[in-house]
Every structure is written in structure tokens, then in C-alpha cells.
Protein chains: 2
Amino acid sequence: MEFDFTTLDPRERYKLLIGSVVPRPIALVTTVDENGVTNAAPFSFFNCFSHDPPILIIGVEERKGAPKDTVRNIRATKEFVVNIVSEEIAERMNICAVDFPEGVDELVPANLTPAAASAVKPPRIAESPVAMECKLMEELRFGEHGKRSIILGEVLRFHIHDAALGPRNHVNFDVLKPVGRLSGNGYAHTHDRFELKRIDYATWLANEGKAAADND
Amino acid sequence: MEFDFTTLDPRERYKLLIGSVVPRPIALVTTVDENGVTNAAPFSFFNCFSHDPPILIIGVEERKGAPKDTVRNIRATKEFVVNIVSEEIAERMNICAVDFPEGVDELVPANLTPAAASAVKPPRIAESPVAMECKLMEELRFGEHGKRSIILGEVLRFHIHDAALGPRNHVNFDVLKPVGRLSGNGYAHTHDRFELKRIDYATWLANEGKAAADND
């Protein structure tokens, strides 16, 4: 089946995209407004895109024709914290996704604990196994009146629960227990893992390449 | 444990980021050079960031001080195809990650089948359950001499295997069988799924909010 995305209804495009680009990592983003009120909201249009410089990107759409608190706060303060969502806090993340009225600090109803960040004003979430303090690098805006924001942040500080940090700074997934976002109400666990060893060209030549040459 | 990313060695930043921003979706990207030679390479600094317009982003670093074929081809042709990686083709994707010499069409050793795209020159991969034809929107460059490319593409055409497409354009994960990228040689299956129903404010007020009020 083929769809022409230049003419397809946006809602259908949305369903096809979020059902296909999976599993997506989840950023539970904390920000503060000009009065210091905290906001927390989850986004899965999110990933790391560079380590040097260390760049995270999140994609945020307007809600009912106005910027979400996350975007308004980032524009005002140029700062945000990305908190990683483990199994333990997945349900509490879902409380942060409730459409509370403006000015509500979602961490309170979600029973999540703010902890002071080192280099930015927004708090990190103590229960998140990893929290990354970011400063805004740039915001790209697309769509009608720029309703879609693509926000690039540089990571200034990286916090990780001691138990999740393995030898030589390798992260322990059995402790981190990250969850991935699917579509609709769906999420994926990451317990069922497998390995694919990276193959270098010399090794490939010695194995598969030789077999292929024999068949020529 | 806290790390200052403004001074930490980039290799350590890399390990911490790829171990924490997980699970990442995988784009097996096909491009063609000026002579029509196909290139295929996997990237997990990848996600969807908007559906209106439909925007995918991939992050690509240089290899040994020069742009990877993927980036060079996208700069030359302004086009690429993102092919989604299912369990069935995960090992073949890993062949595409071999550091073959320039000019090698990875689809051949990987035993993947090129199929004509509709709106762009690079082929899509017939075995990929989903393939998205993209035109380059813009390339952002960061780091020393712009070694890190962040490439935004608009999706023009969307292909999906009929069996993976459920009712009302919902994607069937039992058919798609997407895999997520972790760190090192690690990948995650997505069979082990769970649901979290989105809660609206009225429902929250009626339930948790009431309980909270009772405790005040």
C-alpha cells in the first residue's frame, strides 16, 4: 500500500507515522515559567542527535492553537531538563500528560519529586534514573503559523542513579528499565533484548565475502 | 552521580547518551550518488518530529574526517528513503553497517531488494515493512568544521506492507515487529508491550483529584 503524504489528511499521516517510527524514547521534560512554577510533560518526538556537541531534540505541537507550557517556558527561560522514563515512573509520567489547567505543577499530582539542577533553573525529577540539564540551542518552527516546534538543546549536566551506572560508564538496562513509546496507548518494555555484533570489512571479507566470491 | 558535559571527554558523553536515550527507532537510509549507485546505512539518531508537515530527522557523524556516503548523497541529490527495520531484516541491516569501501551498494551483500520509489530517485527496500520517501528540508551542522549533520526530511510518500496495515490506518505491531536500538551491540524487541490510557482532566478530577482533596 502506498500513501501520497502531500495530499493525505494530516490525521491519517499522524497515525501512520507514530505507528511506524517505533519504539520511540520518551523525554519527560521539566521547565519553569517566569514565576518559577514548574511544568512537566512527556514527549516521544525525541532523541539524541549528537554527542559532540551533545544535542537532544524534542518536537512539540501546539494545543488548541496555543503553545504548550513546555514551549512557552523554554522560549522564556532558554532552559529545560529531559528526564528519562523508567518502568517505575511510567504511570506517573502518564499523570503528567493530563491536560491540567495552565499553572499546575504536574509533579505534585504525579507524586514526583523535584530536585535542584546544577546549571539550569528547572528542577530534575529525583525518581528519573537519568536527567539531562539542557540549554536551548535553537528552535525551528514549521507548519501553519509555526505551530510545530522542533527544539534543539545542548546537554550541560548529566545525572544518573548510581545503581544504573555500570563499569566504564556503560548504562545498566536491567536497572534503567527504559520504556519505549508506540502508538495509541501503547508502550514497549525493553527486557527482551538481543545482540548484533558490528562487523568490520576485513571480517566480512573473510567470511561472507569469501562465500559470495565462491558462488561467482 | 553527576557529570559535567561541558568538560567530560566526548567518548564518555557518547556512552552515557546512547545508554540513556533508549530505545531508539532505526532508520535504514537509502540514497543514491550522482552516478546512481545506491547506498544503504542504518541510523538510530532518528525520529519523527512532526506530522504536519511530516518531518523525519536523522543525525549523522563524519567517518574518519569525511562525510559519510549518506550525507554526501543527500547533499548532492536532496533525497533519501527511510526504511524501517523489522526483526526479519535486522541481521541484513547489520550487513549494511559494515564499513564497505565507497561505491559499494550495501543492498547487494545484505541481500536486500531495491524497489523503485515513486517521488524520489533512491530505491526503497522491498523487505522493509515501511518505507518513507523524503526530500531534504534542511541540514544543520554542528561541531568542529560542521562534522555533525542533523538532516530534516519531509515525507512525500509512505509505503507499508499490506499485512502490517490494520483497520483505520493503525499499524499492526505483531506484523511490523519493529526493533529498537540500545547501546553497544544491543537491540530490543517490542513484543512485550503494555498500555497506559491517556487520562483527561475531568476524569483525573473525578478520581485522583477527589482522593487528593479528601486528604487535604
Side-chain angles (χ1 to χ4, degrees), chain A residues 1-6 10 12-17 19-25 45 47-54 59 84 94 98-100 130 142-143 148 150 155-160 162 165 169-171 178 180 185-197 199-201 204, chain B residues 1-6 10 12-17 19-25 45 47-54 59 84 94 98-100 130 142-143 148 150 155-160 162 165 169-171 178 180 185-197 199-201 204:
Chain A
M1 176 77 88
E2 175 175 348
F3 296 91
D4 183 346
F5 262 32
T6 63
E12 302 306 310
R13 284 201 302 247
Y14 180 76
K15 284 191 279 182
L16 292 167
L17 287 168
S20 300
V21 181
V22 285
R24 297 185 300 281
F45 285 178
N47 210 336
C48 172
F49 280 87
S50 170
H51 70 285
D52 190 24
I84 294 297
N94 198 42
V98 172
D99 54 335
F100 292 107
V130 168
F142 296 95
R148 166 63 61 178
I150 294 180
V155 181
L156 303 178
R157 296 288 189 282
F158 181 99
H159 303 260
I160 183 165
D162 292 351
L165 190 62
N169 292 336
H170 289 288
V171 176
N185 296 320
Y187 294 79
H189 288 122
T190 51
H191 303 288
D192 182 10
R193 302 189 288 266
F194 65 104
E195 295 215 330
L196 288 174
K197 283 219 172 77
I199 305 165
D200 64 28
Y201 182 51
W204 183 85
Chain B
M1 177 76 86
E2 176 176 346
F3 295 91
D4 182 346
F5 262 32
T6 62
E12 302 306 310
R13 284 200 303 246
Y14 180 75
K15 283 190 280 183
L16 292 167
L17 287 168
S20 300
V21 182
V22 287
R24 297 185 299 280
F45 285 179
N47 210 334
C48 172
F49 280 86
S50 170
H51 70 286
D52 190 23
I84 295 297
N94 198 41
V98 171
D99 54 335
F100 292 107
V130 168
F142 295 96
R148 166 63 62 179
I150 294 180
V155 181
L156 303 178
R157 296 288 188 283
F158 182 98
H159 303 261
I160 184 165
D162 291 352
L165 190 64
N169 292 338
H170 289 288
V171 177
N185 296 319
Y187 294 79
H189 288 122
T190 52
H191 304 287
D192 182 10
R193 302 189 289 266
F194 64 103
E195 295 215 330
L196 288 173
K197 284 220 171 78
I199 305 164
D200 65 28
Y201 183 52
W204 183 84

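So that the names make sense, note that chain A is the first sequence line, chain B the second, and so on, each numbered from 1. Heavy-atom basis, side chains included; hydrogens, waters and symmetry copies ignored. This structure is a prediction, so every number in the text was calculated from the model and none was measured.
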Less than 4.5 Å to any heavy atom of chain B: does that hold for the side chain of [X], its backbone, both, or neither?
X      : value
A/H189 : both
A/L196 : both
A/L165 : side chain
A/R148 : side chain
A/V98  : both
A/I84  : side chain

How are the rings of A/F100 and B/W204 set to each other: parallel, tilted or perpendicular (split at 30° and 60°)?
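The rings of A/F100 and B/W204 stand perpendicular, inter-plane angle above 60°.
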Who wins among [options] for the most heavy-atom pairs under 4.5 Å with chain A?
options                    : answer
B/D200, B/V171, B/D192     : B/D192
B/E195, B/E2, B/E12        : B/E2
B/H191, B/R157, B/H170     : B/R157
B/F5, B/F49, B/F3          : B/F49
B/G19, B/P23, B/P53, B/P54 : B/P23
B/Y14, B/F194, B/F142      : B/F194

Between the side chain of [X] and the main-chain N/O of [Y], is any donor-acceptor distance below 3.5 Å?
X      : Y      : value
B/R24  : B/F45  : no
B/N94  : A/K197 : yes
A/T190 : A/P178 : yes
A/D52  : B/G143 : no
B/D99  : A/Y201 : yes

Nearest 0.5 Å, what's the CG-CG distance between B/N169 and A/L17?
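Output value for this atom pair is 11.0 Å.
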Roughly how far apart are B/T6 OG1 and B/R13 CZ, rounded to 0.5 Å?
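Going from OG1 on B/T6 over to CZ on B/R13, the span is 8.5 Å.
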With a 4.5 angstrom heavy-atom cut-off, which part of B/I150 approaches chain A: side chain, backbone, both or neither?
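For B/I150, the side chain is the part near chain A, not the backbone.
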Please identify, among A/A188, A/G180, A/G186, the residue contributing the most non-hydrogen atom pairs under 4.5 Å to chain B.
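With the most close heavy-atom pairs to chain B, the winner is A/A188.
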Closest approach of A/N47 and B/P25, non-hydrogen atoms and distance?
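The pair with the smallest heavy-atom distance is ND2-CD, 4.0 Å.
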